[in-house]
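What follows is a short report on a single structure.
Heavy atoms only: backbone and side chains are in, while hydrogens, waters and symmetry mates are out.
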Amino acid sequence: MSILVRFAKAAALFAVLTAVMTWPQVAHLSTDGSPHDDVYFNMWRLGWVAHALARSPAHLLDGNIFYPEARTLTYSDAVLVESAVAAPLLWMGVPIVLVHNIVLLAGIVLSAAGMYVLVSKLTGSATAAVTAGIVFAFVPYRFDHYMHLELQWTVWIPWTFWALHKTFETGALRNTVLLGVFVTLQFMSSVYYGLFLVILLPVSALLLLCGSSVGEMPRRLRALAVAAGTAAVLTAPYLVPYATTRHSVGPRPEDQIAMFSARPSSYRAATTTNYLYGERSAGIGRPERRLFPGLLPLLLAVVGLLLYSSREGIMYLIALAIAFEISFGLKGYTFSFLYAHVPAFDGLRAPARAGIFVIFFLAVLAAYGQAALERAAAYRTRRVLVVIIPMLLLLEYWVAPLPLIAYPTSAPPLYAWLAQQPPGIVAEFPMPQPKVFAGVEARFEYMSTFHWMPLVNGYSGYYPASYINRLDRLRNMPDEAALENVVGDGVRYVIVHTSLYRVDGGADVIAALGRHSRFRELGRFDDGFGRAVVFSAR
C-alpha cells in the first residue's frame, strides 16, 4: 500500500474521530465556534490573506488594522499555509465561518494522519499508529487551544521526522529536500512550532548521528546540510518581515513569559471540561498550562522503553526531555539561553506551547509500547488490545459537548452599508483603555472583512506603539483634544456602538460629535450588537 493511500485512509478515520471528539462542532460548522476573541482574529487573518492575494499580493502582510502601520500581519502568526488552504474556498464565496472551521478541524485531522504515517513506519504496527494519532490529536492541550488556529496546525511535525528518518536511511536528495520543505511549512503554519522545531530537530538528528558508522557519517552530514540550506532559503523571505517587526516592538516582558510557562503541575492539569479529570484539574490548571497527556500514554511509553529495543526510541525519549524542559520557560535552562542569545525566542510569550512536542514524542513512545505488547501477546489478546487501548484513550480525552457560540456569517446592516461607501479610514468606539487590548476590538477587526477599509482599531499578539499612543490620546473621548486627534489621524468614518458603552449608551460621545463642526452624522444602523451611529469627518 502506497504512503498516500495509507495517509488518506488514516485521514478518513481521524476525520470521523475528530467529529466525535469535538461534537457538536460538526453539526454547526457554518455558524459556531469556540467562545473566544481569537476566533474573530482567525477569520480576519484568513480573510485578509485571500483578499490581498486576489488584489495586491505585494501588500500581503500589510493588514488593514492598526492604521497607518505596515506589516500588521506580523504582529502575530500570519498563518500563511492555513490561509492558502482557505483562500480558494473564500474566493468561491463559501462563508468565512464555515471556512474557518474546516481549516481548524483539518489541522487536527491531518496532524493525526501524519502521525499515523510516521509511527506505522517506525513500528510496523497500524494499530499502534492509530494510538499515536489519537494521543497527538485529542490530548487536553488541543482543547485548551481550540480557539487558536495556528496551534492546531501541527500537521508538518510528524512529516518532518518521517523525512528525517528517510534521509538517514537513503540519503536521497528528494528526502533531504522534503525535510527542509516540511520545516518551512511548519514555520508558515505556526511560527511558535517552527521555532521549537528548529531546536528539537537538530538535537534529534545529532542523536541519530551518534549511532552512525564512520562510513555513513559524511553522507548523512551532507544530507542534513542540504536540508538545513533548503529550510533556510525557503523561510528567509517569511522571517525577515518578522525580524523587522520584532525590532520595532521589542522583546516580551519576563513577567509575561513567566505567566505562560509550564509548571510541574501543568502536566497534571486537563481542561475543566474533561470528563474524567476536569474537576480535579480546576484548581491546578489555567489557560496555556493544561498539558496533561493522559495516564495510558505514560504507561504505554514505559512499556515501550522497557520492551521495545530501538535506537529511535531513545532519541524520542531524550527529545521529549528537552521539550519538557523548554516548556518551563525562563524557569528552565534551555529557554533562558534561547531568550538571551537567539533572536526571535525573546518574542515568544508562551513557552508552555513546547508542551505539544512533549505530547508528540510521548505519542511515539506510547506506540512503541503498544507494538511491544502486540508482539508479546497471543492472537486473541492482541485483538482485545487494539480495541481497548483506543477506547480508553478516547475516554481519557473526552470533553464533548464542546462549548460553542454563534458567529456572524454575513454583514450586519451597518457594515453592508459601509461597504458601499467611498473608501476611507474607520475608527470604531468605544476603544479600550490603554494596556487593556481585548474587548470588542477583535469583533471590529472581523467586521472589517465585509468592507476592507483601513481600521485604526486592531487586535493581535503585539500592539504597535502608534496604537497604544492613540488609546492614550483618546482616553478622554469625547473632549476637544480627543476629537481633534480623531480628525488629525485622517479618520473618515467614526462609528459609535451605543450598546457597547456601560453608561448612557455613549450619549455624550454622540452629542459631542454632533455639536462639533468637523463631524456630520451619516446615519443610524443595526451593527450586530444593537445600534450604532455613524459620523463622517469633514
Side-chain angles (χ1 to χ4, degrees), residues 22 25 28 31-49 63-66 72-79 82-83 86 95-101 103-104 107 142-153 190-192 252 256 259-260 271-273 286-290 349-350 352-353 402-409 411-412 414-415 426-450 455-464 467-468 470-471 495 497 499-502 527-530 532:
T22 61
Q25 178 67 87
H28 303 279
T31 56
D32 290 10
S34 179
H36 197 281
D37 287 340
D38 278 353
V39 175
Y40 287 122
F41 180 50
N42 294 341
M43 293 189 289
W44 172 78
R45 287 183 290 180
L46 297 178
W48 171 260
V49 171
N64 68 316
I65 59 173
F66 298 135
T72 55
L73 212 59
T74 64
Y75 289 123
S76 186
D77 206 304
V79 294
E82 297 91 320
S83 297
I96 195 166
V97 177
L98 175 57
V99 172
H100 168 267
N101 287 332
V103 174
L104 178 78
R142 292 282 183 180
F143 297 106
D144 193 35
H145 291 286
Y146 190 68
M147 74 295 291
H148 294 141
L149 176 63
E150 64 271 30
L151 298 187
Q152 300 302 332
W153 270 71
S190 169
V191 172
Y192 259 94
R252 295 283 188 183
Q256 189 178 84
M259 182 184 303
F260 298 114
T271 59
T272 55
T273 55
R286 56 150 294 154
E288 299 280 359
R289 301 208 303 257
R290 296 173 179 136
R349 180 181 59 180
R353 294 176 181 179
L402 207 62
L404 303 171
I405 62 170
Y407 285 85
T409 57
L414 165 64
Y415 296 101
V426 178
E428 306 205 39
F429 291 89
M431 289 187 183
Q433 290 298 305
K435 298 184 180 181
V436 183
F437 301 132
V440 294
E441 294 285 87
R443 180 163 177 142
F444 296 158
E445 187 170 283
Y446 168 62
M447 289 301 174
S448 78
T449 65
F450 298 112
L455 192 65
V456 302
N457 307 77
Y459 175 92
S460 193
Y462 272 107
Y463 293 85
Y467 174 79
I468 296 170
R470 178 180 290 115
L471 295 184
I495 302 173
H497 299 271
S499 61
L500 298 180
Y501 284 86
R502 294 181 180 178
D527 62 2
F529 300 103

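Between Y146 and T22 the shortest side-chain heavy-atom distance falls below 4.5 Å. Taking 4.5 Å as the limit, every side-chain heavy atom of T449 sits out of range of all side-chain heavy atoms of M43. Residues E445 and N457 are not in side-chain contact: their nearest non-hydrogen atoms beyond the backbone lie 4.5 Å or more apart. Within the 4.5 Å cutoff, side-chain heavy atoms of E288 are placed close to those of H145. Residues M259 and R286 are in side-chain contact: their nearest non-hydrogen atoms beyond the backbone lie under 4.5 Å apart.
At least one donor-acceptor pair closer than 3.5 Å links the side chain of Y192 to the backbone N or O of A350. Counting only distance, with no hydrogens or angles, the side chain of Q25 and the backbone of D32 share a donor-acceptor pair below 3.5 Å. Between the side chain of D38 and the backbone N or O of H148, no donor-acceptor pair lies under 3.5 Å. Here the side chain of N101 pairs no donor or acceptor atom with the backbone of G33 at under 3.5 angstrom.
Here the shortest heavy-atom pairing between D527 and R443 reads O-NH2, 4.4 Å. Of all non-hydrogen atoms in S34 and I405, the two that sit nearest each other are O-CG1, 4.3 Å. When all heavy atoms of P408 and Y446 are compared, the closest pair comes out as O-OH, 2.6 Å. When all heavy atoms are compared, the tightest approach of E82 to V103 is CB-CG1, 3.7 Å. The two residues V456 and Y467 have their closest heavy-atom pair at O-CD1, 3.6 Å. Taking both residues in full, the closest heavy atoms of L500 and V440 are given as CD1-CG2, 3.8 Å, listed atom of the first, atom of the second, then distance.
Applying the salt bridge (Lys or Arg N to Asp or Glu O under 4.0 Å) test to E150 and every residue at least two apart in sequence or in another chain returns R45. With sequence neighbours excluded, the residues satisfying salt bridge (Lys or Arg N to Asp or Glu O under 4.0 Å) with D144 are R290. Every residue meeting the ring-ring contact (aromatic ring centres under 6.0 Å, His included) condition with F529, not counting sequence neighbours, appears here in chain and number order: H497. Annotation: ring-ring contact (aromatic ring centres under 6.0 Å, His included) contacts of F143 (sequence neighbours excluded): none. By the ring-ring contact (aromatic ring centres under 6.0 Å, His included) test, Y462 pairs with no residue at all, sequence neighbours left out. The side-chain hydrogen bond (donor to acceptor under 3.5 Å, both in side chains) search around T74 returns T245, not counting sequence neighbours. Scanning for salt bridge (Lys or Arg N to Asp or Glu O under 4.0 Å) contacts around R142 gives an empty result, with sequence neighbours left out. Judged as a side chain to side chain contact (heavy atoms under 4.5 Å, CB included), and not counting sequence neighbours, the contacts of S448 are W44, N64, H451, W452, L455. With sequence neighbours left out, A411 forms a side chain to side chain contact (heavy atoms under 4.5 Å, CB included) with Y415, A416, F450. Under the side-chain hydrogen bond (donor to acceptor under 3.5 Å, both in side chains) criterion, H100 pairs with N42, not counting sequence neighbours. Residues passing the salt bridge (Lys or Arg N to Asp or Glu O under 4.0 Å) test with R349, sequence neighbours excluded: none. With sequence neighbours left out, F41 forms a ring-ring contact (aromatic ring centres under 6.0 Å, His included) with Y459.
Rounded to the nearest 0.5 Å, atoms CZ (F260) and CZ (R252) are 9.0 Å apart. Atoms NE2 and CG, on H28 and L98 in that order, are 13.5 Å from each other to the nearest 0.5 Å. Separating the CG atom in L149 from the OG atom in S190 is a distance of 9.5 Å, to the nearest 0.5 Å.
Between Y40 and F444, the distance separating the two ring centers is not shorter than 6.0 angstrom. The distance between the ring centers of Y501 and F429 does not fall below 6.0 angstrom.
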